[in-house]
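Remarks on the structure that follows.
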Amino acid sequence: MARELLHSIDSIRDIIMFRDIKLLVHMLLPLFVHGIALEICNPFLMEIISSALCPAQSTCPDALYLDNLQQIVAGFLMVPVLILLCELSDEYGRKPFLLLTTSASILPVGIAALLALNTSRGFIYAYLGLRCVSYILSLRAVFCIAIAYAADVVEDEKRVAAFSWITGVMSASHVLGNVLAKSIPAKYSFVLSIPLMVVCLVLIHLFMTETVIRAPITRQKSQWFILIKLIKERCSSIGYAATTIMTRPSLRRIYLVSFLYEFGMSGISSVLLFYLKEAFDLKESKSSDTLIIVQIGSVFSQMLIVPVINGLAGEKAILCMGLLTSATYAAFYSVAWETWLPYISVSLGLAYGFVKPSLCAIVSRSSSSNNQGRAQGSLAAIEAIAGFISPFVMTPLTMWFLSHNAPFDYKGFGILCSAASMMAAMFCAMHWKPEATWNHDLKDMLLT
């Protein structure tokens, strides 16, 4: 116990002195700038589309339909693209693919800024198409490649701290971007967002160091031969990723935990503001402010608390704590009967940030050093599938129990189902056991 306490004290000292985090500063700063740039303009995008499609109208069904269609298409295509991008980063380097995924947001934002000058439907459709491509390339891939980069430069036992700093910095960027979006006029949001995105690319290009050593390229007989070989390699690689999950029980359980957690959390995120408005008559702006408070607390917990707990208890304990707190947070919302009670659950939401870094660290440690991108891409793909399915289940369920046709009087039943999904994830995590040998390359095992 004394040794664990000393290790925890060393972790605190490392955090304060930035002994390990300094290895990631050149990546954390661009991620922070990129998150702010995205969040500044996000609140105004739907408003611009609605005013262009339905001028002088308070509501615009066409805009809502196109936005939902774009999210469905992006969610469906994101899964294979995530695996492909993260896998290619293992072979061709983190830096070029981090540049690709972060730069994918610039053109849609630039076109959105021009919608004020050209409101034709063709221009709007072009914007929505580009935004769909941007979502597919960057929505989850930026985080996955950043995690893989951190795994390349940070030791195994310190990866939870590194990953928690990445999630904390990205959460902090969303909070600051949201605050700036409420503080500046809409016409200046795009003027500020686009230069910030360019600054992000410049910082990555100038200061990030490549961590992947590319294999030497050998000349082949023809370009067609190279193309056919590349397609065969990608197909076999996807099969390898599926085999990896199916042949390792511990990894399969962790991916199940990730799916159940993301299914519940995405269900809550898709209906929470609507639920608070309908059940408690809380204004959307007031509910949004409450969620910002939760995010601020999550930033603090991810950056400072997670590394300390990891020194004392390890990744499994952090994961179970985060899942239990998240389930309790959701269940408290579902049974609240007064308008002031949802605010109490804000304190419980501070620990939901424990889940992501601990999951990434467990998956990272169970993968070989040259397969970090593939492992994180597979994890993100599982989460993308859960996030794609969950709103189709939770949204109609919540609306049904908020209506007069509900089978019984329980307005928060949909939220409770999300809490049950996260509780199931916690029970799976409690029975998870690490493999006897870490960082072995399953690919070599399967080929021998």
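- When all heavy atoms of Gly414 and Thr398 are compared, the pair lying nearest together is CA-OG1, 3.8 Å.
- Contact detail for Pro30 and Ile204: the closest heavy-atom pair is CB-CG1, 3.5 Å.
- Within the 3.5 Å criterion, the main-chain N or O of Gly387 finds no donor-acceptor partner in the side chain of Ser390.
- Put simply, CG on Leu319 and CH2 on Trp432 are 8.5 Å apart, with the number rounded to the nearest 0.5 Å.
- No more than 12 heavy atoms of other residues, nucleotides or ligands sit less than 6.0 Å from atom CE of Met399.
- Looking at Leu201 and Ile106, their side chains come closer than 4.5 Å, going by heavy atoms from C-beta outward.
- Taking CZ from Phe163 and CG from Leu24, the interatomic distance works out to 9.0 Å, rounded to the nearest 0.5 Å.
- Under the rule for a side chain to side chain contact (heavy atoms under 4.5 Å, CB included), the partners of Pro108 that lie at least two apart in sequence or sit in another chain are Tyr127, Leu130, Arg131, Ser134.
- Using a 4.5 Å cut-off on side-chain heavy atoms (C-beta onward), Cys200 and Leu196 make no contact.
- Using modelled atom types, no side-chain atom of Ser421 and backbone atom of Ser418 make a donor-acceptor pair closer than 3.5 Å.
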- prompt: Between Tyr135 and Val73, does a side chain to side chain contact (heavy atoms under 4.5 Å, CB included) hold up when you go through it step by step?
  reply: CA-CA 10 Å; Tyr135 277 15; Val73 174; over 6 Å; no

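- Counting only residues at least two apart or on different chains, the salt bridge (charged side-chain N to carboxylate O under 4.0 Å, His left out) pairs with a member in residues 257-268 are Arg140-Glu262.
- Between Met423 and Leu324, the closest side-chain pair of non-hydrogen atoms falls below 4.5 Å.
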- request: Run the numbers on Glu315 and Arg159 for salt bridge (charged side-chain N to carboxylate O under 4.0 Å, His left out), then give the verdict.
  value: CA-CA 10 Å; Glu315 301 117 340; Arg159 285 179 184 173; over 6 Å; no

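- A donor-acceptor pair is defined here as one N or O able to donate and one able to accept, closer than 3.5 Å; no such pair exists between the side chain of Thr325 and the backbone of Gly322.
- Of the possible donor and acceptor atoms, one in the side chain of Ser193 sits under 3.5 Å from a partner among the backbone N and O of Ala37.
- Judged purely by atom type and a 3.5 angstrom limit, Ser173 uses its side chain to pair as donor or acceptor with the backbone of Met170.
- Minimum heavy-atom separation, Gly373 to Asp90: N-OD1, 2.8 Å.
- In summary, the side chains of Ser364 and Gln372 do present a donor paired with an acceptor at a separation below 3.5 Å, with no hydrogens or angles considered.
- The shortest heavy-atom contact between Leu85 and Ala141 is CD1-CB, 4.0 Å.
- Judged purely by atom type and a 3.5 angstrom limit, Ser171 uses its side chain to pair as donor or acceptor with the backbone of Thr167.
- Phe388 is linked by a side chain to side chain contact (heavy atoms under 4.5 Å, CB included) to Ile72, Phe76, Phe392, counting only residues two or more places apart in sequence or in another chain.
- Judged as a salt bridge (charged side-chain N to carboxylate O under 4.0 Å, His left out), the pairs with a partner in residues 353-363 (not counting sequence neighbours) are, in order, Lys356-Glu383.
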- request: Check step by step if side chain to side chain contact (heavy atoms under 4.5 Å, CB included) holds for Met422 and Tyr261.
  value: CA-CA 5 Å; Met422 289 186 283; Tyr261 170 75; 3.9 Å; yes

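- No donor-acceptor distance shorter than 3.5 angstrom exists from the side chain of Ser258 to the backbone of Ile254, with no hydrogens or angles considered.
- Shown here are the side chain to side chain contact (heavy atoms under 4.5 Å, CB included) partners of Leu256, two or more places apart in sequence or in another chain: Leu260, Cys428.
- In this pair, Phe408 and Tyr410 present their aromatic rings tilted. The plane angle is within the 30 to 60° band.
- Residue pairs meeting the salt bridge (charged side-chain N to carboxylate O under 4.0 Å, His left out) criterion with at least one partner in residues 320-330, sequence neighbours excluded, do not occur; the list is empty.
- Counting heavy atoms from C-beta on, the side chains of Leu38 and Ser105 come closer than 4.5 Å.
- Counting only heavy atoms from C-beta outward, the side chains of Leu359 and Val363 never approach each other to under 4.5 Å.
- Listed by first and then second residue, the salt bridge (charged side-chain N to carboxylate O under 4.0 Å, His left out) pairs that reach into residues 143-152 are Arg94-Asp152, sequence neighbours excluded.
- The nearest pair of heavy atoms linking Gln376 to Ile147 is CD-CG2, 3.4 Å.
- Counting heavy atoms from C-beta outward, Val306 and Trp165 have side chains that stay 4.5 Å or more apart.
- The distance from the NE2 atom of His34 to the CD atom of Glu39 is 11.5 Å, given to the nearest 0.5 Å.
- Distance CG/Leu137 to CG/Leu100: 6.0 Å, rounded to 0.5 Å.
- Partners of Tyr149 under the side-chain hydrogen bond (donor to acceptor under 3.5 Å, both in side chains) rule, at least two apart in sequence or in another chain, are His26.
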field: Trace of the side chain to side chain contact (heavy atoms under 4.5 Å, CB included) decision for Met27 with Ile166
entry: CA-CA 9 Å; Met27 182 189 68; Ile166 293 174; 3.7 Å; yes

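- Taking the side chain as every heavy atom from C-beta outward, Ser334 and Phe413 never approach each other to under 4.5 Å.
- Separation of atoms CD1 (Ile145) and CG (Leu99) is listed at 10.0 Å; rounding is to 0.5 Å.
- Ser403 pairs by the side chain to side chain contact (heavy atoms under 4.5 Å, CB included) definition with Trp400, Asn405, not counting sequence neighbours.
- One distance of note links CD1 of Ile382 with CZ of Phe263; it measures 14.0 Å at 0.5 Å rounding.
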message: Let's go through Phe354 and Leu323 carefully: what are the C-alpha distance in whole Å and the side-chain angles of both, what is the deciding distance for side chain to side chain contact (heavy atoms under 4.5 Å, CB included) to 0.1 Å, and is it a yes or a no?
response: CA-CA 8 Å; Phe354 287 10; Leu323 291 170; over 6 Å; no

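- Using a distance-only test at 3.5 Å, with no hydrogens or angles considered, no donor-acceptor pair links the side chain of Ser189 to the main chain of Cys41.
- A 4.5 Å side-chain heavy-atom check between Thr102 and Met197 finds every atom pair outside the cut-off.
- The minimum heavy-atom distance between Val179 and Ser183, with the atom names listed, is O-OG, 2.7 Å.
- At least one donor-acceptor pair closer than 3.5 Å links the side chain of Lys95 to the backbone N or O of Met208.
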